Amino acid sequence: MPQYPKIDFSDTKQDRSKKTLEDLLEAAYQIIETNDPAAFTSRNLAKRAGYSKGTLNNRLGAVENVFFWALARGRDFKANQTVNIIAQFDPQLTIHDFVETFVDHCFGGINSVTAKVIKYHDQKFTKAYGLTPDYFDWINIFVEPYVELCQRNQTNTFKVVSNDEARFMFKAIHAVVERPFATDDPIAGTAEHRRIAIEALIRLLAK
């Protein structure tokens, strides 16, 4: 998805309007953190931000865009945590160690509740904008730190890859690790899913 969808807001050059927009964005992020898609409503947003629903309807182009922005912010925060794990991975450890660490970290950040949020975003965003060409481009944040990890690892178990190779690899990894949660796959998050993910990633990433 685009990093931050366009938010239509009138008179944003005025200080008061800027403050209102900032309040709404922060309120939306707080609501998103509850991981309850049923709460992603204009009524809850108005209540949390301290504005009337009429203010939202009159001054905000599309309430859903505010929640899309908040979802992107939360996703980017978690993605940066993953980047840190990749960047700080011990070069003395093997690709098997890395894959287990990576998969367990990803599984730890997804459960039945957050899966509902992923599904909410998929359904609402694609309904509003379609499946945009950059829908999964946020995954590219993992490319450079992983390529650098391959180059500095000292175990001779990492396949050294180019940025383009890593870009395709991480989109494939996303399909194996996270998408089963979003599609209600019956084994998502189970020990069997973990085994399949680990074996698939090792085949993909190991020498």
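Fair warning: this is a prediction, and the values are worked out from it, not measured in the lab.
- Phe136 pairs in a side chain to side chain contact (heavy atoms under 4.5 Å, CB included) with only one of the listed residues (Asn140, Thr132, Ile139), which is Ile139.
- With hydrogens and angles disregarded, no donor-acceptor distance shorter than 3.5 Å links the side chain of Asn153 to the backbone of Gln92.
- Take Glu199 and apply the salt bridge (charged side-chain N to carboxylate O under 4.0 Å, His left out) test, not counting sequence neighbours, and it matches Arg195.
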List the atom pairs, donor and acceptor, that lie under 3.5 Å between side-chain atoms in residues 170-179 and the rest of the protein, sequence neighbours left out.
unit_1 : atom_1 : unit_2 : atom_2 : d
Lys171 : NZ     : Asp137 : OD1    : 3.4
Arg179 : NH1    : Asp122 : OD2    : 3.1
Arg179 : NH2    : Asp122 : OD2    : 2.6

Note to self: The test is side-chain contact (heavy atoms from CB on, under 4.5 Å); show your working for Phe142 and Arg167 and say whether it passes.
What the structure shows: CA-CA 8 Å; Phe142 306 131; Arg167 182 165 53 86; over 6 Å; no
Margin query: Quick one, Glu192 with Ile187, criterion side-chain contact (heavy atoms from CB on, under 4.5 Å). Give me CA distance, side-chain angles, the key distance, then yes/no.
Written below: CA-CA 7 Å; Glu192 179 65 2; Ile187 70 166; 4.2 Å; yes
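- The stretch residues 181-190 participates, sequence neighbours left out, in these salt bridge (Lys or Arg N to Asp or Glu O under 4.0 Å) pairs: Lys119-Asp184.
- Side-chain rings of His193 and Phe181 approach one another, their centers coming within less than 6.0 Å.
- At most 12 non-hydrogen atoms from other residues, nucleotides or ligands lie less than 6.0 angstrom from CD of Glu144.
- Within the structure, the salt bridge (Lys or Arg N to Asp or Glu O under 4.0 Å) test picks out the following pairs touching residues 88-111 (sequence neighbours left out): Asp104-Arg194.
- Between Phe102 atom CZ and Phe107 atom CZ the span is 10.5 Å, to the nearest 0.5 Å.
- By the side chain to side chain donor-acceptor pair (under 3.5 Å) test, Ser162 pairs with Glu165, sequence neighbours left out.
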Side-chain donor-acceptor distances from residues 82-89 under 3.5 Å, at least two apart:
unit_1 : atom_1 : unit_2 : atom_2 : d
Thr82  : OG1    : Lys78  : O      : 3.3
Thr82  : OG1    : His105 : NE2    : 3.0
Asn84  : ND2    : Asn80  : O      : 3.4

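- Defined by atom type and a distance below 3.5 Å, a donor-acceptor pair is missing between the side-chain atoms of Lys116 and Asn35.
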